[in-house]
Number of protein chains: 2
Amino acid sequence: MSSTKFVLLSLLAREPLSGYDMKQQMKSRVDFFYKINNNQLYPTLSKLEEDGLVELQAYERESYRPARKVYKITDAGIECLKDWVKEPGSWEEFLLKQYSSWLVEPEILISILEEKKLEQEQLLAEFKGKTASFREQNERLTSDHPLFSSAAVLEMGYRFGRCRIEWCDTMISWLKKGEI
Amino acid sequence: MSSTKFVLLSLLAREPLSGYDMKQQMKSRVDFFYKINNNQLYPTLSKLEEDGLVELQAYERESYRPARKVYKITDAGIECLKDWVKEPGSWEEFLLKQYSSWLVEPEILISILEEKKLEQEQLLAEFKGKTASFREQNERLTSDHPLFSSAAVLEMGYRFGRCRIEWCDTMISWLKKGEI
DNA sequence: TGTAACATGTAACGAGTTACATGATTGA
DNA sequence: TCAATCATGTAACTCGTTACATGTTACA
């Protein structure tokens, strides 16, 4: 149920890698936001291999250090990853899935994005209502008033929502063009 | 170390509540983003009471249902919460802290916000560099190319960063005015 | 001489999730 | 009659974090 195994599949879908490589990528890559630790990494990799979603491509051993095990994603792995990308989920998970969106047909992606957009628009409407009721009930909120902080957090929620909607629009336009 | 206890203190800083009340608020409030389950709620409340950060204000018992325990934050609790709000942390934690920003002196808040803003600006510069190097290396990215997805995720990171910076600016202007 | 990089892995712990248990009352 | 609401709490489990263990080579 956790995203960890899909994160590993997401990386392996692009190129064969060892566990160590994956950790390095997660450290350095600015375009991929995820942190993993050894305790999750290696057992999860073993489980993926058991399930036939990845396979050992190379086993580079040098005498003085542990063998470097390079894994490769299988066809079943690609299918599994594709299915996951199409599944609904929270915004955070959705963003993670976008990293593997290149595997999915553009038409399907567009419909997913349009649904996400709708979801955010509904949330935005709720925020708007809340903010309005704040302003009505309290004409002036000084910075030591609890509702000042509530308004601040609400403002952030509102801005984030708008930001997400705009991003969805940009993505849809990119996909309709077919390239960037 | 976890935020859970501070979340409970954040709610109690505004008004005395029972554990059940807190859960209800987290469900319904649009201005507060946090989910808690009974297994964390009740033991954490007990621990807060042990530590003298909250105290029992009322113990409303009706024969046919469990006693309703209404808690009240103590002076020590307020101090503890205030200290937490001033501490540095991740953006997510920072947002949580903003819900109790009304407890903190505006000058201190402004300096915290300015630091957060700087942090985001540095991140944004990194994103900008990455995006530029993408564009240079690949003139055209079709939607089935892995780097198309990388660019999509990067674009989101960039937009979020800008959104955060703009929000910081808005907050600073609110605080300098002293009210909204 | 010490520490960072390489490369795998385990152990112990803390945090979080789902599900369950109680039990009268209110409303569909 | 069935489910939901009120209100507390426990049990079992998964997930994630920090720290440790191995052992050579390269570099400051």
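Each chain gets a letter, A, B and so on, in the order its sequence line appears, and its residues count up from 1.
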Check your understanding: Among the nucleotides dT8(C), dT17(D), dT10(D), which one has an atom lying closest to any side-chain atom of N37(A)?
Key -> dT17(D)
Check your understanding: Of the nucleotides dA7(C), dG9(D), dT10(C), which one has an atom closest to the side chain of R68(A)?
Key -> dA7(C)
Check your understanding: Quick one: is S18(A) getting a side-chain N or O under 4.0 Å of the dT8(C) phosphate, OP1 or OP2?
Key -> yes
Review point. When the distance from CE of M22(A) to P of dC6(C) is rounded to whole Å, what number comes out?
Key: 16 Å
Review point. Expressed in angstrom and rounded to an integer, what is the separation of K27(B) atom NZ from dA4(D) atom C1'?
Key: 11 Å
Revision key, fill the gap. note: I36(A), atom CD1; dT17(D), atom C1'; distance rounded to Å ~ 12 Å
Exercise for review: Test the K128(A)-Y158(A) pair against the cation-pi criterion, namely NZ or CZ under 6.0 angstrom from the six-membered ring centroid and within 45° of the ring axis.
Suggested key: no
Practice item. Using whole Å, report how far CD of Q25(B) lies from P of dA7(D). Key: 14 Å
Review point. Starting at CG of L45(A) and ending at C1' of dT8(C), how long is that distance when rounded to a whole Å?
Key: 11 Å
Check your understanding: Considering only dA7(C), dG16(D), dG16(C), which nucleotide approaches the side chain of S2(A) most closely?
Key -> dG16(D)
Review point. Rounded to whole angstroms, how far apart are OH on Y42(A) and C1' on dT22(D)?
Key: 13 Å
**Study point:** Closest to the Y20(B) side chain, choosing from dA12(D), dG16(D), dT8(D)
**Key:** dT8(D)
Review point. What nucleotide among dT8(C), dA7(D), dG16(C) has an atom nearest to a side-chain atom of N39(B)?
Key: dG16(C)
Check your understanding: Ring centres of W84(B) and F6(B) under 6.0 Å apart?
Key -> yes
Check your understanding: When you measure from the side chain of Q24(B), which nucleotide among dG16(D), dA15(C), dC6(D) comes out closest?
Key -> dC6(D)
**Study point:** Atom pair CG (L41(A)) and CD1 (I36(A)), whose distance is rounded to the nearest 0.5 Å
**Key:** 5.0 Å
Check your understanding: Any donor and acceptor pair, going by atom type alone, linking the side chain of R14(A) with main-chain N or O of P146(B) inside 3.5 Å?
Key -> yes
**Study point:** Atom-pair distance (CD on E60(A); P on dT24(D)), nearest Å
**Key:** 20 Å
Review point. How about F160(A) and F160(B): are their ring centres within less than 6.0 Å of each other?
Key: yes
Exercise for review: With the side chain of K69(A) defined as its heavy atoms from C-beta on, choose the nearest nucleotide among dG16(D), dT8(C), dT10(D).
Suggested key: dT8(C)
Practice item. Could you pick out which residue, N38(A) or G19(B), lies toward the 5' side of DNA chain D when each is mapped onto its nearest nucleotide? Key: G19(B)
Review point. So, is T4(B) near the phosphate of dA15(C), with a side-chain N or O under 4.0 Å from OP1 or OP2?
Key: no
Exercise for review: Give K23(A) one of three labels, base, sugar-phosphate or nothing, depending on what nucleic acid heavy atoms sit under 4.0 Å from its own.
Suggested key: nothing
Study note, to complete from the structure: Atom OH of Y34(A) and atom C1' of dT17(D) are separated, to the nearest Å, by 13 Å
